[in-house]
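Working notes for the structure below.
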Amino acid sequence: MRTPAVKSVLFVGGKRTEALEAARNAGLQVIYAGPTSDMSRQHHELVDAAFLFPEFSPELAFRVAVGLRELLPFDLAYTAGDAYLQTAAQINDELGLKSNSLRAVSAVNDKALMREVLREMPVGQVASAEIRTRSDLERFATSNGFPLILKPSRGSASKDIHIVSGPAELREISAGLETAGDDAPKDTAPWVVEEFLAGREFSVETHSAAGVHQILAVTEKFTNEHRVEIGHVVPARITAAEHTQLTDETTSVLTALGVEEGPAHTELILTARGPRLVETHTRPGGDAIVELIKIATGYDIHEMTFSWLSGKPPVVAHDPQAGGAAIWFLTAGRGRVTAAGGEAEARASEGVRFASLSAAAGDVVAEVRSSDDRHGEALAVGDDADSALRNAREAIGRLVVEVEPLGHD
């Protein structure tokens with residue numbers, strides 16, 4: 001059991017309320033600080049105190065939290081999303097609150113630093129380099145060849161990931177490197193380049209307690225040509241040997257990075273050389289992976305997290321609700337939406353738990369180069385992973401988004 005136990009937690013930002021509810025159910029005092037626009041009726045029902053701001057940045061979040069603790073003490077700053085992970089770690093470090101170390105969280109959030117920390121560690125190695133200039137990129141390509149992967153060091157949601165297939169594409173992409181990296185913190189490399197990893201993609205979902213990493217599930221992932229995720233299924237359709245490879249590598253990575261407690265979502269590619277890390281996160285997986293795991297394995301990641309933090313014994317899995325659970329995303333072409341619908345038909349499909357559209361007639365939609373560019377989703381269950389995946393994809397097939405090219409295309 002955790003010592004010291006957490007009695008009061010400060011949530012930093014976040015539109016979703018599942019973690020708030022889990023903290024409340026664990027008997028914790030719940031304090032919330034975030035943007036006014038994120039506060040819903042559910043938030044109000046679950047928190048003991050809320051501090052809301054029209055504009056809420058990581059810098060403001062840090063100042064608010066440090067000042068707030070003098071008035072309303074809390075034992076831990078926590079967030080379940082990418083936007084404030086680094087900020088929550090900085091708050092805990094500044095106030096001396098027990099949590100994952102600032103170094104560990106920094107290495108997770110900065111992909112260039114992550115590769116540097118893992119270099120020479122007992123994990124599968126991936127050729128990589130920090131990129132600040134065109135010369136850096138050209139030097140890596142000369143040494144490692146094509147194709148290669150270029151991505152923001154502090155990126156998220158699969159944004160701005162480039163698969164560079166040859167010299168011509170390298171010249172085109174590198175021309176905008178300096179300006180495209182302007183949003184990166186000045187003490188970090190704005191970009192990281194890595195060798196191209198060929199193979200099937202997975203994520204391993206874990207919960208850590210006192211440095212012991214418990215495997216909750218292996219998720220099978222599906223991506224488009226830009227490495228944007230378009231589907232997930234739990235459990236992954238893999239052999240026992242592949243499961244051991246993926247989970248052993250995840251445990252090694254989390255230990256090497258110094259992750260001590262809480263949820264983690266670790267993305268890997270199973271290459272011909274074995275599993276290789278893409279990235280990891282000290283938060284639950286997005287894209288409804290938390291729900292997929294709950295349905296297919298019985299593990300509730302939020303419940304486990306706050307039970308541990310509150311000093312209670314580890315939570316065991318509940319009975320699974322189905323043999324498999326999957327989510328699939330709708331990806332339409334680039335242009336103006338002329339028609340959208342089919343939600344009722346998708347929701348009526350076999351095994352569907354929910355289905356929705358995020359595009360409407362008149363919207364201008366982009367090519368799917370990040371998670372934000374997807375246009376709909378359907379989550380479905382089945383007797384096994386194959387049937388769950390089939391049900392989710394059939395539901396997506398009933399959603400309609402018709403697109404016409406823009407006039408200047």
Side-chain angles (χ1 to χ4, degrees), residues 14-18 37-38 40 80-83 151-152 155-163 201 203 219-234 265 267 278 281 283-293 295 324-382 385 387-409:
K15 291 184 178 182
R16 301 187 66 90
T17 59
E18 294 90 341
S37 58
D38 285 357
S40 67
D82 285 325
K151 53 190 175 182
S156 62
S158 302
K159 292 180 181 178
D160 292 326
I161 294 177
H162 301 279
I163 301 174
E201 299 193 28
S203 62
T219 305
E220 186 176 353
K221 304 161 68 66
F222 305 88
T223 61
N224 70 1
E225 65 274 22
H226 301 299
R227 290 287 176 102
V228 178
E229 294 165 355
I230 58 172
H232 309 275
V233 63
V234 177
H265 169 73
E267 300 175 11
V278 176
H281 309 272
R283 59 159 174 78
D287 283 354
I289 288 176
V290 169
E291 186 65 17
L292 300 184
I293 295 167
I295 291 170
I327 189 168
W328 202 262
F329 296 92
L330 178 64
T331 56
R334 178 181 174 217
R336 188 180 304 278
V337 177
T338 58
E343 288 179 288
E345 293 81 357
R347 290 168 184 159
S349 296
E350 183 178 354
V352 171
R353 292 292 181 89
F354 68 76
S356 66
L357 276 176
S358 55
D363 289 351
V364 175
V365 295
E367 182 180 14
V368 179
R369 287 185 169 271
S370 85
S371 300
D372 296 335
D373 298 327
R374 301 172 306 196
H375 311 116
E377 60 185 9
L379 187 151
V381 303
S387 59
L389 191 59
R390 182 175 61 252
N391 290 342
R393 296 188 71 169
E394 287 179 356
I396 283 294
R398 298 186 177 187
L399 294 176
V400 176
V401 174
E402 296 179 2
V403 176
E404 64 176 8
L406 297 175
H408 59 270
D409 282 0

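Only a predicted model underlies this, so the values are computations on that prediction, with no experimental measurement involved. The first residue of the sequence shown is numbered 1, and numbering continues consecutively from there.
Taking 4.5 Å as the limit, every side-chain heavy atom of P284 sits out of range of all side-chain heavy atoms of H265. Using a 4.5 Å heavy-atom threshold, the side chains of D82 and R283 count as touching. In this structure, L399 and E377 have side chains that are not in contact, with every pair of non-hydrogen atoms separated by 4.5 Å or more. Side-chain contact check for V233 versus W328: every heavy-atom pair is 4.5 Å or farther apart. A heavy-atom distance below 4.5 Å is not found between the side chains of E229 and F329.
We find the CD1-OG1 distance between I327 and T219 to be 11.5 Å, quoted to the nearest 0.5 Å. We find the CG-CD1 distance between N224 and I230 to be 6.0 Å, quoted to the nearest 0.5 Å. Rounding to the nearest 0.5 angstrom, the gap separating the CG atom in D38 from the OG1 atom in T17 is 11.5 Å. T338 contributes atom OG1, which lies 5.0 Å from atom CD of E402 (distance to the nearest 0.5 angstrom). S37 contributes atom OG, which lies 6.0 Å from atom NZ of K15 (distance to the nearest 0.5 angstrom). Residue L379 holds its CG atom at 7.5 Å from CZ of R353, rounded to the nearest 0.5 Å.
Heavy-atom contacts from other residues, nucleotides or ligands closer than 6.0 Å to CZ of R347 number more than 12. For E404, the CD atom is densely surrounded, since the number of other residues' heavy atoms within 6.0 Å is greater than 12.
Between E201 and R227, at least one side-chain N (NZ, or NE/NH1/NH2) sits under 4.0 Å from a carboxylate O, which counts as a salt bridge. The residues K221 and D287 are annotated as not salt-bridged, no charged nitrogen and carboxylate oxygen being separated by less than 4.0 angstrom.
Heavy-atom minimum distance, G376 versus S358: N-OG, 3.7 Å. Nearest heavy-atom pair, A388 versus A325, reported as atom, atom and distance to 0.1 Å: CB-N, 3.6 Å. Here the shortest heavy-atom pairing between A395 and A378 reads CB-CB, 3.8 Å. Minimum heavy-atom separation, I289 to S203: CD1-OG, 4.2 Å. The two residues A332 and V401 make their nearest non-hydrogen contact at CB-CG1, 3.8 Å. N391 approaches A380 most closely through the heavy-atom pair CB-CB, 3.6 Å.
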message = Is there a side-chain contact (heavy atoms from CB on, under 4.5 Å) between V368 and H375? Walk through the geometry before answering.
response = CA-CA 9 Å; V368 179; H375 311 116; 4.1 Å; yes
Determine whether L292 and H232 satisfy the following criterion, side-chain contact (heavy atoms from CB on, under 4.5 Å), listing intermediate values before the conclusion. CA-CA 9 Å; L292 300 184; H232 309 275; 3.9 Å; yes
Notebook entry, point to check: Could you walk me through whether D373 and E367 pass the side-chain contact (heavy atoms from CB on, under 4.5 Å) check?
Noted result: CA-CA 7 Å; D373 298 327; E367 182 180 14; over 6 Å; no
